[in-house]
Amino acid sequence: MLTEYCRQARYIWNLAVEQQRYWQPGRRAPGFNEQCAQLTSIRAEYDWLAAGSHTVQQQALRDFAQAMRNFFAGTHRRPTWRKAVVHEGFRQVAVKPHHIERLNRRFGRVRVPKIGWVRFRLSRPVPPDAKSYRVTRDRAGRWFISFAHIPDPIAGPGLGSVVGIDRGVVVSAALSTGELLHAPSLTPGESKRLKVLQRRLARAERGSKRRVRTRLAIAKLNARESDRRKDWVEKATTDIARRFDTIRLEALDVRSMTRAARGTVEHPGVHVANKRSLNRGIRRSGWGLLAERLQHKASGRVEQVPAAYTSQRCSACGHVAPGNRESQAVFECDSCDAGPCNADVNAARNIAAGRAVTARGDLGASRSTNREPQLSSPAA
């Protein structure tokens, strides 16, 4: 029944996407109220839709309406099709306190319309003011339920401390304090098994049971790596938000940086394999998730610093030269007597100073989200 609810929500979403694509100048696409009236009509015509929850199907239309508002506001991309196995989930609103019960220390249960009580494992306490929840299923076949609740931001120490964070592929995050953070990944044995399964998937016949089993095994390995990375991001961002008052990051457009380089048939891309490997390294380092969770936990205390030449500028004297960076890991200034140091830590200190370097070698001020005064000297 949960799988059927996911199918119905995906079907309604895709119908809304199809209606929106018929939009033309002078021809208005149906709005939320009009689509709700159409939903009532098709539920009377199709029994398999009428057997499902009207609230679940209506919330799919409401989610689509919100997605279109985000698109027109310029904060998100245009909503696209949802696919089976990839996008599995639905949302339920108007949740009352008696719809959620705690059974014991480890388990609780929630009432789902037309299904009844569904038990779930408590990974954290259920917020008492939850008004809605979302049920999802990942590619590994695991079911999750999340209750809508906005937690309070984490308070800083109040000492005026500043930290700069340089994100990389070899070192996931380098702090200006000298700490090097590495995002966890699969073990060598798991990576070897993943390659074997990917080769097996390439040889499997489409639609066969062997292909389904292989895809599920690959999804479980990928989910294991994703869970480790998310756990690392949560712990790292919580620790940083508690220890520092001002957090400065490079202003990176991660989505554009991880765009594929395949090109088109007429204009094929170059160095596609190298770019694909770089994109995977960026995603496995969790650049976007790290910045997003810092914005959530340290709201108003995160600043964006232009990333230009932060890796070539000496944090001690300010000299900028490509030769300063001897290798990926070593930075040694050609101008001052400062000894060699870790290149990522040097870049993080430049970011912590709130300064970037233009192409002509001049210092440029950082872009602050809360417009606070910037530091004029590098932070240690």
Side-chain angles (χ1 to χ4, degrees), residues 1-14 48-49 51-53 55-57 59-60 63 79-92 95 99-101 103-104 106-124 126 130 132-148 183-187 189-234 280 283-284 286 288-289:
M1 287 296 297
L2 293 177
T3 304
E4 186 65 21
Y5 277 11
C6 295
R7 177 193 173 199
Q8 295 168 4
R10 185 174 61 251
Y11 178 77
I12 297 299
W13 173 282
N14 290 340
W48 67 277
L49 280 177
S53 170
T55 305
V56 168
Q57 299 167 15
Q59 288 308 307
D63 290 345
T80 57
W81 305 97
R82 288 184 175 177
K83 301 179 181 179
V85 181
V86 180
H87 305 100
E88 299 284 1
F90 62 90
R91 187 161 70 101
Q92 176 64 27
V95 179
H99 292 164
I100 307 171
E101 293 183 0
L103 301 178
N104 50 45
R106 298 178 61 185
F107 291 96
R109 66 175 185 173
V110 62
R111 178 176 289 277
V112 182
K114 293 191 175 183
I115 295 181
W117 291 103
V118 177
R119 195 175 68 162
F120 61 90
R121 186 187 181 104
L122 287 166
S123 60
R124 65 187 65 187
V126 178
S132 66
Y133 62 82
R134 186 179 296 273
V135 177
T136 56
R137 180 177 182 268
D138 65 1
R139 300 190 187 188
R142 303 178 302 175
W143 289 92
F144 297 91
I145 181 170
S146 57
F147 297 90
S185 59
L186 297 177
T187 63
E190 292 170 338
S191 300
K192 182 178 179 180
R193 172 167 170 76
L194 180 61
K195 292 181 180 179
V196 172
L197 291 172
Q198 289 173 341
R199 295 192 186 104
R200 185 182 302 172
L201 181 67
R203 297 191 300 266
E205 183 180 356
R206 291 187 176 274
S208 63
K209 294 183 178 179
R210 183 186 182 210
R211 184 178 179 87
V212 173
R213 290 196 303 268
T214 306
R215 286 186 60 180
L216 182 60
I218 292 175
K220 288 182 178 179
L221 283 176
N222 290 331
R224 189 177 304 172
E225 181 182 19
S226 178
D227 290 345
R228 292 172 184 172
R229 180 168 56 250
K230 291 179 180 178
D231 179 71
W232 171 79
V233 167
E234 293 296 333
R280 289 174 179 172
R283 295 190 184 101
R284 287 171 179 169
L289 184 60

Search all heavy atoms of Ile218 against all heavy atoms of Leu194 and return the closest pair with its distance.
CG2-CD1, 3.9 Å
Residue list, side chain to side chain donor-acceptor pair (under 3.5 Å) with Arg7, at least two apart or on another chain:
Glu4
If we only count heavy atoms from C-beta on, is the Ser53 to Tyr5 side-chain gap below 4.5 Å?
yes
Report the residues that fulfil side chain to side chain donor-acceptor pair (under 3.5 Å) with Asn222, sequence neighbours left out, ordered by chain and then residue number.
none
Please round to the nearest 0.5 Å and tell me the distance separating atom CG of Leu289 and atom CZ of Arg229.
8.0 Å
Is there a donor-acceptor contact under 3.5 Å from the side chain of His99 to the main chain of Val95?
no
Before giving the answer on ring-ring contact (aromatic ring centres under 6.0 Å, His included), spell out for Tyr133 and Phe120 the whole-Å C-alpha distance, their side-chain angles and the decisive distance to 0.1 Å.
CA-CA 13 Å; Tyr133 62 82; Phe120 61 90; 8.8 Å; no
With Trp232, which residues qualify under ring pair (Phe, Tyr, Trp, His ring centres under 6.0 Å), at least two apart?
none
Pair Phe90 + Trp13: ring centers closer than 6.0 Å:
no
Can you tell me which residue pairs pass the side-chain hydrogen bond (donor to acceptor under 3.5 Å, both in side chains) test with a partner in residues 201-216, sequence neighbours excluded?
none
With Ala223, which residues qualify under side chain to side chain contact (heavy atoms under 4.5 Å, CB included), at least two apart?
Asp138, Ala140, Arg142
Is any side-chain heavy atom of Leu103 closer than 4.5 Å to a side-chain heavy atom of Arg119?
yes
I'd like to check the side chain to side chain donor-acceptor pair (under 3.5 Å) partners of Glu225; sequence neighbours left out, ordered by chain and number.
none
Look at the rings of Tyr11 and Trp48 and say which category their plane angle falls in: under 30° parallel, 30 to 60° tilted, over 60° perpendicular.
perpendicular
Go through the structure and list residues passing salt bridge (charged side-chain N to carboxylate O under 4.0 Å, His left out) with Arg91, not counting sequence neighbours.
Asp63
Considering residues, nucleotides and ligands other than Lys192, do more than 12 of their heavy atoms fall under 6.0 Å from its NZ?
no
Quick one: are Val56 and Gln8 in side-chain contact, heavy atoms under 4.5 Å?
no
Taking the side chain as C-beta and beyond, is there a heavy-atom pair between Trp143 and Val118 under 4.5 Å?
no
Do Phe144 and Val135 come close enough that some side-chain heavy atom pair is under 4.5 Å?
no
Residues in side chain to side chain contact (heavy atoms under 4.5 Å, CB included) with Ala84, at least two apart?
Arg10, Glu88
Can you sort out the partners of Arg109 under side chain to side chain donor-acceptor pair (under 3.5 Å), two or more places apart, ordered by chain and number?
Glu101
Tell me every residue that passes side chain to side chain contact (heavy atoms under 4.5 Å, CB included) with Glu190, counting only those two or more places apart in sequence or in another chain.
Leu186, Thr187, Leu221, Arg224, Arg228
By side chain to side chain contact (heavy atoms under 4.5 Å, CB included), which residues pair with Arg121, not counting sequence neighbours?
Arg106, Phe107
Could you check if a side-chain atom of Val86 sits within less than 4.5 angstrom of a side-chain atom of Arg82, using non-hydrogen atoms only?
no
Output, in order, the C-alpha distance, side-chain angles, deciding distance and verdict of side-chain contact (heavy atoms from CB on, under 4.5 Å) for Trp117 and Val110.
CA-CA 5 Å; Trp117 291 103; Val110 62; 5.5 Å; no
Give the intermediate values and the outcome of side-chain contact (heavy atoms from CB on, under 4.5 Å) for residues Leu216 and Lys220.
CA-CA 6 Å; Leu216 182 60; Lys220 288 182 178 179; 4.0 Å; yes
Cys6 SG to Met1 CE distance, which is reported to the nearest 0.5 Å:
11.0 Å
Where do Gln92 and Val112 land on the side-chain contact (heavy atoms from CB on, under 4.5 Å) test, with the steps shown first?
CA-CA 8 Å; Gln92 176 64 27; Val112 182; over 6 Å; no
Is there side-chain contact between Thr136 and Arg134, with heavy atoms separated by less than 4.5 Å?
yes
